[in-house]
K.L.:
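The structure under discussion is supplied below as structure tokens; questions concerning it will follow.
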There are 2 protein chains.
Amino acid sequence: MSEPRKEVTIYDIAEKLNISATTVSRGLQDHPKINDKTKKKILAVAAEMGYRSNPFASSLRTKRGNIIGVIVPRLNSYFMSDVIAGIEKVINESNYNLFISQSLESMKKEISNARAMFNNRVDGLLVSLAYNTDNLDHFEPFITKNIPVIFFDRVQEHLQFPNIFIDNYKAAYQLTSHLIEQSCKRILHIGGSQLRNVYIERYNGYKRALEDHNLPFDDELLIISDLTTQGGQDAGSTILNMEIKPDAVFAANDISAVGCMQFLMDAGMRVPEDIAFAGFNNDPMSSVVRPQLTTIDYKGFEMGEVAAKLLLGHLTDNADLKQTHSLILRSEMIVRDSSKRKG
Amino acid sequence: MSEPRKEVTIYDIAEKLNISATTVSRGLQDHPKINDKTKKKILAVAAEMGYRSNPFASSLRTKRGNIIGVIVPRLNSYFMSDVIAGIEKVINESNYNLFISQSLESMKKEISNARAMFNNRVDGLLVSLAYNTDNLDHFEPFITKNIPVIFFDRVQEHLQFPNIFIDNYKAAYQLTSHLIEQSCKRILHIGGSQLRNVYIERYNGYKRALEDHNLPFDDELLIISDLTTQGGQDAGSTILNMEIKPDAVFAANDISAVGCMQFLMDAGMRVPEDIAFAGFNNDPMSSVVRPQLTTIDYKGFEMGEVAAKLLLGHLTDNADLKQTHSLILRSEMIVRDSSKRKG
DNA sequence: CTGTTAGCGCATTCAG
DNA sequence: CTGAATGCGCTAACAG
């Protein structure tokens with residue numbers, strides 16, 4: 001295999017044109033004060049010589065690597081991959097690059113990922129927290145260096161870090177109220193980690209809706225789960241063994257809702273007649289399952305776009321955007337057959 | 001907001017310890033010829049002063065950025081996000097970082113992404129090709145610079161670039177034969193872009209199975225689709241209008257299979273009695289849909305891991321791994337109710 | 001509009 | 001085992 005030829009530098013271009021490297025550098029960056037003619041010549045020669053800029057040198061000089069870090073709990077969930085797709089779309093149109101890593105729902109990994117991002121000198125960071133993260137100390141170094149960190153979806157309140165999320169409380173309230181309107185009186189909730197805002201809020205919204213409609217709540221009606229298919233099935237099994245069964249289930253995500261629902265249907269229960277169902281996220285499987293699942297349309301792609309744009313705003317000192325501390329995105333209830341007991 | 005304090009450099013550490021920066025640099029890298037005592041002192045002072053290495057300077061010097069680029073058609077598909085998760089897992093354990101971008105199934109975007117990766121001087125590249133990519137010219141620059149490029153899943157034969165994929169031909173043959181064994185005689189195929197190996201192979205495997213079992217094939221039995229839910233529904237609509245209907249459908253992915261199957265069921269057809277179904281990928285929705293979908297288990301996560309490991313092997317001059325040109329991963333047929341007409 | 005000079009922080013000679 | 005010197009390629013003063 002032949003050795004790669006030496007890289008062309010701005011000095012090579014400068015030499016060929018009998019001008020200074022500075023001018024070449026400026027020409028390449030479309031600096032306003034450079035003569036259009038020289039600019040064109042520079043570009044032409046650069047192309048001809050196969051020049052490509054050296055981002056390492058540039059970064060060393062400017063102290064900016066033009067990279068944005070992303071830390072998410074998992075990459076392989078429909079919702080998250082949709083968020084990442086949204087982020088990528090926005091970032092791809094900018095001059096930044098994306099470093100992506102996953103915490104695998106472990107705070108320990110999240111800490112090590114954050115450190116890696118910090119050491120790699122990302123210019124900004126987008127984070128969705130792991131299941132069990134209970135403090136934000138590992139993001140302190142970013143504050144020291146004025147590196148913007150933005151949390152999305154799985155957020156935690158912090159003075160320095162903007163948050164982007166949807167109104168989980170309201171959505172859960174809405175969903176639960178809807179179930180109540182379908183004359184459900186005993187609604188069970190399959191909830192996620194009560195460390196995470198999203199699951200706390202969904203639980204709170206659910207509970208408040210019960211209260212507001214004078215429905216009783218007892219401990220048997222709350223099942224904390226890992227929200228996997230298996231988790232949903234386990235919940236189904238628990239329900240099957242209950243003396244007094246719930247007449248509705250509101251699960252904190254679609255996957256566990258579907259797992260639970262199909263488990264109970266396989267056991268002979270009818271949905272929604274015996275037991276109505278509602279999930280959360282509008283995962284594709286919610287419209288594949290029969291009866292189709294009532295859920296909350298939670299646009300991951302849009303959330304990714306918004307998060308990325310907000311971060312870019314911070315990086316370009318956009319005054320308006322820097323004002324934003326919390327951004328609450330719209331979400332929408334989608335009523336499907338799994339909860340329609342009338343009409 | 002206060003200005004970030006100046007970064008600590010190896011010179012600062014050197015000064016504090018009255019040794020040279022060279023020694024500090026060596027100590028930090030665990031160079032064998034450095035006294036253990038000095039090494040420890042260096043590490044201690046580095047930690048104390050809050051030192052972090054400057055990857056820009058290091059990269060400029062060594063000409064390696066320790067980044068691996070990934071270009072995929074889409075990030076938000078279950079299969080791809082699983083692949084990416086596998087890649088991330090392996091890379092996260094190494095000293096490399098991941099640049100990720102998506103071509104959105106457009107060759108044009110793929111070209112621009114490849115250029116960006118090249119200009120950002122990635123050390124290696126993992127690629128799954130866009131729907132309509134019909135040549136590999138945009139990857140030539142990587143050859144010139146001896147940058148390894150590895151294709152996975154959506155691959156194209158090329159002397160310089162290793163490929164990782166599954167035996168799509170065999171899997172399709174197996175699936176089609178299975179349908180034939182269920183006494184299906186008229187099997188329709190919903191295929192993807194006939195530019196992409198994966199879809200060509202699936203079609204070929206299907207066709208060969210028909211031939212081997214002396215079943216007729218006519219043009220009406222092939223529908224080329226974009227393999228979305230809508231694409232599946234469209235295929236269903238076409239089928240509904242056929243005078244002689246197929247008694248089985250083999251779709252090149254699960255999403256379109258499910259779209260088509262549910263469309264036909266909604267129109268009153270019975271699955272598998274009137275029409276049997278098979279898909280491809282083992283997407284989660286294939287086990288949620290009823291009847292559950294017969295499919296090919298295609299482990300994205302594993303493919304990601306393998307691809308990343310192979311690339312790392314190339315980067316570390318691992319002789320064994322560098323020998324590998326093509327790697328064919330195992331896949332497995334999963335027979336479910338959508339195709340079980342007997343027993 | 002263009003050039004001169006200098007230095008970002010590190011790793012690698014080469015010399016002890 | 002350690003150090004002095006050098007340059008990777010670029011951009012930002014500053015000066016004209």
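The chains referred to below are lettered A, B, ... by the order of the sequence lines, with proteins before strands, and numbering in each begins at 1.
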K.L.:
Side-chain N or O of Tyr11(B) less than 4.0 angstrom from OP1 or OP2 on dA4(D)?
P.N.:
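No.
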K.L.:
Is a salt bridge present between Arg121(B) and Glu7(A), judged by a nitrogen-to-oxygen distance below 4.0 Å?
P.N.:
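A salt bridge is present here (some side-chain N lies under 4.0 Å from a carboxylate O).
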K.L.:
Starting from P on dT2(C), measure out to CD1 on Ile13(A) and report it in whole angstrom.
P.N.:
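Atom CD1 in Ile13(A) sits about 15 Å away from atom P in dT2(C).
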K.L.:
In whole Å, what is the span from the OH atom of Tyr51(B) to the C1' atom of dG9(C)?
P.N.:
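Answer to the nearest Å: 8 Å.
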K.L.:
Is a side-chain N or O of Arg154(A) found less than 3.5 angstrom from the main chain of Ser128(A), in a donor-acceptor match?
P.N.:
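No; zero donor-acceptor contacts below 3.5 Å.
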K.L.:
Look at the side-chain N and O atoms of Thr22(A) and state whether any lies under 4.0 Å from the OP1 or OP2 oxygen of dG3(C).
P.N.:
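Checking dG3(C) against Thr22(A), no side-chain N or O comes under 4.0 Å of OP1 or OP2.
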K.L.:
Establish, yes or no, whether a centroid distance under 6.0 Å links the rings of Phe151(B) and Phe161(B).
P.N.:
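Yes, the ring of Phe151(B) comes within the 6.0 Å limit of the ring of Phe161(B), centre to centre.
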K.L.:
With respect to the phosphate group of dG3(C), does any side-chain polar atom (N or O) of Thr23(A) fall under 4.0 Å of OP1 or OP2?
P.N.:
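Indeed, a polar side-chain atom of Thr23(A) lies that close.
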K.L.:
In whole angstrom, give the distance that lies between atom CZ of Arg52(B) and atom P of dG9(C).
P.N.:
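Roughly 11 Å, once rounded to whole Å.
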K.L.:
Out of dC10(C), dG3(C), dC1(C), which has the shortest distance to the side chain of Asn35(A)?
P.N.:
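Looking only at side-chain atoms, Asn35(A) lies closest to dC1(C).
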K.L.:
Glu15(B) has an atom CD; how far is it from atom P of dT2(D), in whole Å?
P.N.:
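Distance check: Glu15(B) CD to dT2(D) P gives 19 Å.
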K.L.:
Quick one: side chain to side chain contact (heavy atoms under 4.5 Å, CB included) partners of Ala85(A), sequence neighbours excluded?
P.N.:
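Residues passing side chain to side chain contact (heavy atoms under 4.5 Å, CB included) with Ala85(A): Phe301(A), Leu75(B), Asn76(B), Gln102(B).
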K.L.:
Starting at atom NE2 of His31(B), determine the distance to atom P of dC10(C), rounded to an integer number of angstrom.
P.N.:
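In whole Å, dC10(C) P lies 17 Å from His31(B) NE2.
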K.L.:
Do Arg26(B) and dG3(D) share a donor-acceptor pair, side chain to base, under 3.5 Å?
P.N.:
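Answer yes: a donor N or O sits under 3.5 Å from an acceptor.
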K.L.:
Of Ala21(B) and Arg121(B), whose closest DNA chain D nucleotide lies nearer the 5' terminus?
P.N.:
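Closer to the 5' end of DNA chain D: Ala21(B).
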K.L.:
Run the ring-centre check on Phe152(A) versus Phe165(A) and record whether the distance is less than 6.0 Å.
P.N.:
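Centroid separation for Phe152(A) and Phe165(A): 6.0 Å or greater.
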K.L.:
Applying a 4.0 Å non-hydrogen cut-off, can you work out what Thr9(A) is touching in the nucleic acid: base, sugar-phosphate, or nothing?
P.N.:
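Here Thr9(A) touches the backbone only, sparing every base.
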K.L.:
What integer distance in Å separates Lys37(A):NZ from dC1(C):P?
P.N.:
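Going from NZ in Lys37(A) over to P in dC1(C) covers 13 Å.
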K.L.:
Under 4.0 Å, heavy atoms only, any strand: does Ile34(B) hit a base, just the sugar-phosphate, or nothing?
P.N.:
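Sugar-phosphate, backbone atoms only, no base.
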K.L.:
The side chain of Glu7(B) lies closest to which of these nucleotides: dA13(D), dT2(D), dG9(C)?
P.N.:
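Comparing dA13(D), dT2(D), dG9(C) against the side chain of Glu7(B), the answer is dG9(C).
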K.L.:
Using a cut-off of less than 4.0 Å, is there contact between a side-chain N or O of Thr38(A) and OP1 or OP2 of dT2(C)?
P.N.:
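Yes, because at least one side-chain N or O of Thr38(A) sits under 4.0 Å from OP1 or OP2 of dT2(C).
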K.L.:
Which of the following nucleotides, dG3(C), dA4(D), dT2(C), is nearest to the side chain of Ile19(A)?
P.N.:
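Nearest to the side chain of Ile19(A) among the choices is dG3(C).
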K.L.:
Report the distance from atom CD of Gln29(B) to atom C1' of dT12(C), rounded to the nearest whole Å.
P.N.:
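For the pair Gln29(B) CD and dT12(C) C1', the rounded distance is 10 Å.
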K.L.:
For the residue pair Phe99(A) and Phe99(B), categorise the inter-ring angle as parallel (less than 30°), tilted (30 to 60°) or perpendicular (more than 60°).
P.N.:
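The rings of Phe99(A) and Phe99(B) sit tilted, inter-plane angle from 30° to 60°.
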K.L.:
For residues 53-67 of chain B, which residues have at least one heavy atom under 4.0 Å from DNA chain D?
P.N.:
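Residues of residues 53-67 of chain B that come under 4.0 Å of DNA chain D are, in numerical order, Leu60(B), Arg61(B), Lys63(B).
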K.L.:
Sequence neighbours left out, what pairs pass side-chain hydrogen bond (donor to acceptor under 3.5 Å, both in side chains) with at least one residue falling in residues 302-314 of chain A?
P.N.:
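Only Lys89(A)-Glu305(A) qualify under side-chain hydrogen bond (donor to acceptor under 3.5 Å, both in side chains).
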K.L.:
OP1 or OP2 of dG3(D) sitting under 4.0 Å from any side-chain N/O of Ser20(B)?
P.N.:
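Result: yes.
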K.L.:
Roughly, in whole Å, what's the span from NZ in Lys33(B) to P in dA11(C)?
P.N.:
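To the nearest whole Å, that distance equals 17 Å.
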K.L.:
What is the distance from atom CD1 of Ile34(B) to atom CG of Leu28(B), rounded to the nearest 0.5 Å?
P.N.:
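Between atom CD1 of Ile34(B) and atom CG of Leu28(B) there are 10.5 Å.
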